[in-house]
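Below: one structure, written as structure tokens.
When a residue number appears, it is its place in the shown sequence, counting from 1.
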Amino acid sequence: MKPIRLGSLFVALAGFAITGLSHAGTLDDVRSRGHLQCGINTGLAGFAFTDDKGNWRGFDVALCDAVAAAVFGDASKVKYTTLTGKTRFEALKAGEIDILSRNTTWTYSRDVDLKLTFMGVSFYDGQGFMVPASLGVSSATELDGASVCIQTGTTTELNLADYFRRNGMSYEPVPIESNEEARQNYLSGRCDVYTTDRSGLAATRATLDNPDDHVVLPEIVSKEPLGPLVRHGDDEWGDVVRWVLNALIIAEEKGITAANVAEMAGKKSNDAEINRMLGAEGEYGAMLGLSADWVVSVISSVGNYGEIFEKYLGVNTDIGLERGVNALWTDGGLLYAPPYR
């Protein structure tokens, strides 16, 4: 009986050790390092770009800023790693970054086979096609035989093959690594068509000298739910990132903005969910290993989801996107977060 008891004790101790390791994960690493390491696009207008001072800005960048604000109370404690479609997943798996926030589509194989965990959908998108107006094309079904710029290592590469096969058409792929490379090849006439997420097409078109000379065709040929992701196996860190995204969405729903969050946090609300979010009721921050007022830090730093969208992608920007399906569920969109309860 003694060996069995020792074996059972060993298993119990091993289980305890593994549990302990899972708790001493990315959140502790980020804190001890003193900054968040965030993986972003090499450059995509509206989503990840540098301002006139060389600082990274954009819709995807703001999420990383929000996570830093949650962890440190300081949105500036972030360093950025620019990644292509081909290099992004390995960088995350290798621990070079803590979070990937780079217009990345949530798919079965990425979730299951690559052992990465998506934290929710931050932007609902779909793949489209952009062509020069001079080509005289009004539908993607007219693209038989076209040369197409396509980023390698992306879902758009597979969707393109599916769409052309389904419609009995052929094409010449022109592989590219980054949005800037696609832009250069497209403008030089190396490819007739550029295909990527429609948000990416709108971003690229906005940077061209004569945007009206280019047409985004009406077809949407895929579902592209984009969102941030982390490594499998670190649930504590995953909870932090997931609830930062959820808090941005709920804050918009509740009317909590960068301008009013401090005032709202200073007094009790009749809405209990607002009190819970802003740290006036319960121990919700402690459940994540964060301060009680972590949501206040997030919203005061970057605003709510709607403010971020309008600042970087909305109708008053060069990108000029309507909210569409990215509107709140209360406004007929798909944007919906679980209750903060």
**Message:** Between Tyr305 (side chain only) and Leu335 (backbone N and O only), is there a donor and an acceptor less than 3.5 Å apart?
**Reply:** no

**Message:** Here's a test for you: under side-chain hydrogen bond (donor to acceptor under 3.5 Å, both in side chains), which of Thr26, Thr81, Asp29 qualifies with Gln37?
**Reply:** Thr81

If you measure from the Lys or Arg side-chain nitrogens to the Asp or Glu carboxylate oxygens, is any gap between [X] and [Y] under 4.0 Å?
X	Y	value
Asp162	Arg165	yes
Asp239	Arg242	yes
Glu307	Lys311	no
Arg276	Glu273	no
Lys86	Glu177	yes

Are a donor atom and an acceptor atom from the side chains of [X] and [Y] found within less than 3.5 Å of each other?
X	Y	value
Glu142	Ser138	yes
Arg57	Thr50	no
Trp106	Asp111	yes
Glu219	Ser139	yes
Thr156	Gln151	no
Thr152	Glu157	no
Glu253	Asn304	no
Tyr186	His214	yes
Asp271	Ser269	no
Glu224	Thr155	yes
Asn179	Tyr194	yes
Arg88	Thr104	yes

**Asked** Which residues satisfy the side chain to side chain donor-acceptor pair (under 3.5 Å) test with Asp197, sequence neighbours excluded?
**Response**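 Checked Asp197 against side chain to side chain donor-acceptor pair (under 3.5 Å); zero matches.
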
**Request:** Kindly assign one of parallel, tilted or perpendicular to the pair Trp243 and Tyr340, based on the angle between their ring planes and the thresholds 30° and 60°.
**Result:**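 It falls in the perpendicular class, over 60°.
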
**Request:** Fit a plane to each ring of Phe59 and Phe123, take the angle between them on a 0 to 90° scale, and name the class: parallel (under 30°), tilted (30 to 60°) or perpendicular (over 60°).
**Result:** perpendicular

**Request:** Mind running side chain to side chain contact (heavy atoms under 4.5 Å, CB included) on Asp213 and Leu208 for me, showing each step along the way?
**Result:** CA-CA 9 Å; Asp213 290 346; Leu208 302 180; over 6 Å; no

**Item:** Min side-chain heavy-atom separation Val61-Ser101 under 4.5 Å
**Value:** no

**Message:** Would you say that Arg183 contacts Thr207 through its side chain, given a criterion of any heavy-atom pair below 4.5 Å between the two side chains?
**Reply:** yes

Please tell me whether [X] and [Y] are part of a single hydrophobic cluster in this structure, the criterion being side-chain heavy atoms less than 4.5 Å apart.
X	Y	result
Val244	Trp56	yes
Leu158	Val112	no
Tyr336	Ile249	no

**Request:** Walk me through it: do Tyr163 and Tyr171 pass the test ring pair (Phe, Tyr, Trp, His ring centres under 6.0 Å)?
**Result:** CA-CA 11 Å; Tyr163 181 75; Tyr171 67 96; over 10 Å; no

**Asked** Should Leu116 and Phe89 be marked as a side chain to side chain contact (heavy atoms under 4.5 Å, CB included) after you check the CA-CA gap, both sets of side-chain angles, and the distance that decides it?
**Response** CA-CA 8 Å; Leu116 301 173; Phe89 300 126; 3.5 Å; yes

**Prompt:** Which heavy atom in Phe72 sits nearest to a heavy atom in Val30, and how many Å separate them?
**Reply:**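 Scanning both residues, the minimum pair turns out to be CZ-O, 3.4 Å.
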
**Request:** Starting from the C-alpha separation in whole Å, work towards a yes-or-no answer on salt bridge (Lys or Arg N to Asp or Glu O under 4.0 Å) for Arg198 and Asp125.
**Result:** CA-CA 7 Å; Arg198 283 173 64 87; Asp125 213 337; over 6 Å; no

**Message:** Under the side-chain contact (heavy atoms from CB on, under 4.5 Å) test against Arg205, which residue among Asp212, Ile319, Asn210 passes?
**Reply:** Asp212

**Request:** Show your reasoning for whether side chain to side chain contact (heavy atoms under 4.5 Å, CB included) applies to Thr257 and Ile299.
**Result:** CA-CA 6 Å; Thr257 69; Ile299 305 304; 5.6 Å; no

